[in-house]
Trainee: 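Before I ask anything, here is the structure I am working with.
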Amino acid sequence: MKKLVIANWKMNPDTQAEAEKLITAYAGLKIPAAAEAVLAPPSPYIVLAKQSLKNMELGAQDAYWMDEAPATGEVSPAMLRDLGVKYVIVGHSETRRALKETDDDVWKKLAAVQLDGMTPVLCVGEPLEVREKGEKAAADYVLKQLLANTETLITYCPILNQAVIAYEPVWAISTSGSGEEETPEDAAKMISLIRDTMVSKCHLEGLRVIYGGTVNRSTAASFLARPEIDGVLVGRASLNADEFQDILNAAI
Ligand code: PGA
């Protein structure tokens with residue numbers, strides 16, 4: 001299976017001119033055979049990316065949970081699908097925090113994205129205060145995000161079949177300010193637990209589970225070399241096209 005390498009530009013860059021420059025640099029990236037590359041720019045730049053990028057898939061950073069609703073400020077899954085978006089990030093820790101999203105909201109988004117024929121990238125991960133309580137507390141927290149309640153799970157099992165799960169420990173995200181980094185060993189352990197749990201609860205085969213949190217040109221190879229880790233979600237380092245090329249090249 002190819003390693004999924006997703007660039008999450010978050011709320012960057014500030015201007016259309018800068019976005020065009022970065023997209024042009026992305027259009028020149030060489031995607032190795034072992035990688036599937038995705039660019040998830042901010043919504044206003046998706047059309048620009050669509051016009052120039054022939055070498056990678058398009059992603060979005062969030063979507064609303066309905067295609068038709070009085071929802072000022074939101075973007076519907078149907079709009080994203082129409083633009084050619086293939087992957088939609090849902091439940092990123094920054095979105096959960098800023099929009100005060102509940103697990104329920106996140107799962108509704110996941111379902112809506114999938115029903116519109118795109119692949120949701122469901123982000124889960126524990127905050128620092130939970131990780132400080134130890135590995136078991138972190139695992140419990142992440143599994144709770146995934147298995148919010150049995151009823152929900154039964155409803156959502158079929159939907160999860162095509163989803164990607166991104167394990168992103170909140171404290172390891174470069175913008176979290178903790179300065180801490182996850183080790184590939186610990187990431188692989190949590191990812192195996194996520195995969196095993198989802199396979200046993202939902203009988204999912206072929207579920208992709210990727211890692212995110214301070215992946216850059218120096219750390220990418222150590223995460224991507226792990227057979228348990230199906231890819232990476234890259235924030236800050238993806239704002240430099242040369243660095244993103246190095247990360248892609250680390251896919252084996
Ligand atoms: P980072 O962000 O690579 O800057 O740590 C990853 C993410 O938040 O998706």
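Just so it is clear, the model here is predicted, and its values are computed rather than measured. Remember, it's 1-based here, ligands and their atoms both numbered in the order they're listed.
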Trainee: Could you tell me whether Glu68 atom CD has more than 12 heavy atoms of other residues or ligands within 6.0 Å of it?
Mentor: no
Trainee: For Gln61 and Trp9, which I'm curious about, is there any donor-acceptor pair between the side chains at under 3.5 Å?
Mentor: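 Distance-only check fails for Gln61 and Trp9.
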Trainee: Examine the side chains of Ser52 and Glu20 and answer whether a donor and an acceptor come within less than 3.5 Å of each other.
Mentor: no
Trainee: Can a side-chain donor-acceptor contact be found between Tyr45 and Glu18 if the only test is distance below 3.5 angstrom?
Mentor: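 Tyr45 and Glu18 do not have a side-chain donor-acceptor pair below 3.5 Å.
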Trainee: Once side-chain hydrogen bond (donor to acceptor under 3.5 Å, both in side chains) is applied, do any residues pair with Lys50, and if so which ones, sequence neighbours excluded?
Mentor: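 Expected list: none.
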Trainee: Can Glu126 and Tyr167 be counted as having a side-chain donor-acceptor contact under 3.5 angstrom?
Mentor: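 Distance-only check passes for Glu126 and Tyr167.
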Trainee: For ligand 1, output the ligand-protein N/O contacts shorter than 3.5 angstrom; if there are none, return none.
Mentor:
{"residue": "ligand 1", "atom": "2 (O)", "partner": "Lys10", "partner atom": "NZ", "Å": "3.2"}
{"residue": "ligand 1", "atom": "3 (O)", "partner": "Gly235", "partner atom": "N", "Å": "2.8"}
{"residue": "ligand 1", "atom": "4 (O)", "partner": "Ser174", "partner atom": "OG", "Å": "2.5"}
{"residue": "ligand 1", "atom": "4 (O)", "partner": "Arg236", "partner atom": "N", "Å": "2.9"}
{"residue": "ligand 1", "atom": "5 (O)", "partner": "Ser174", "partner atom": "N", "Å": "2.7"}
{"residue": "ligand 1", "atom": "5 (O)", "partner": "Ser174", "partner atom": "OG", "Å": "3.4"}
{"residue": "ligand 1", "atom": "5 (O)", "partner": "Thr214", "partner atom": "N", "Å": "2.8"}
{"residue": "ligand 1", "atom": "8 (O)", "partner": "Lys10", "partner atom": "NZ", "Å": "2.7"}
{"residue": "ligand 1", "atom": "8 (O)", "partner": "His92", "partner atom": "NE2", "Å": "2.7"}
{"residue": "ligand 1", "atom": "9 (O)", "partner": "Asn8", "partner atom": "ND2", "Å": "3.4"}
{"residue": "ligand 1", "atom": "9 (O)", "partner": "His92", "partner atom": "NE2", "Å": "3.1"}
{"residue": "ligand 1", "atom": "9 (O)", "partner": "Glu168", "partner atom": "OE1", "Å": "3.3"}
{"residue": "ligand 1", "atom": "9 (O)", "partner": "Glu168", "partner atom": "OE2", "Å": "2.7"}

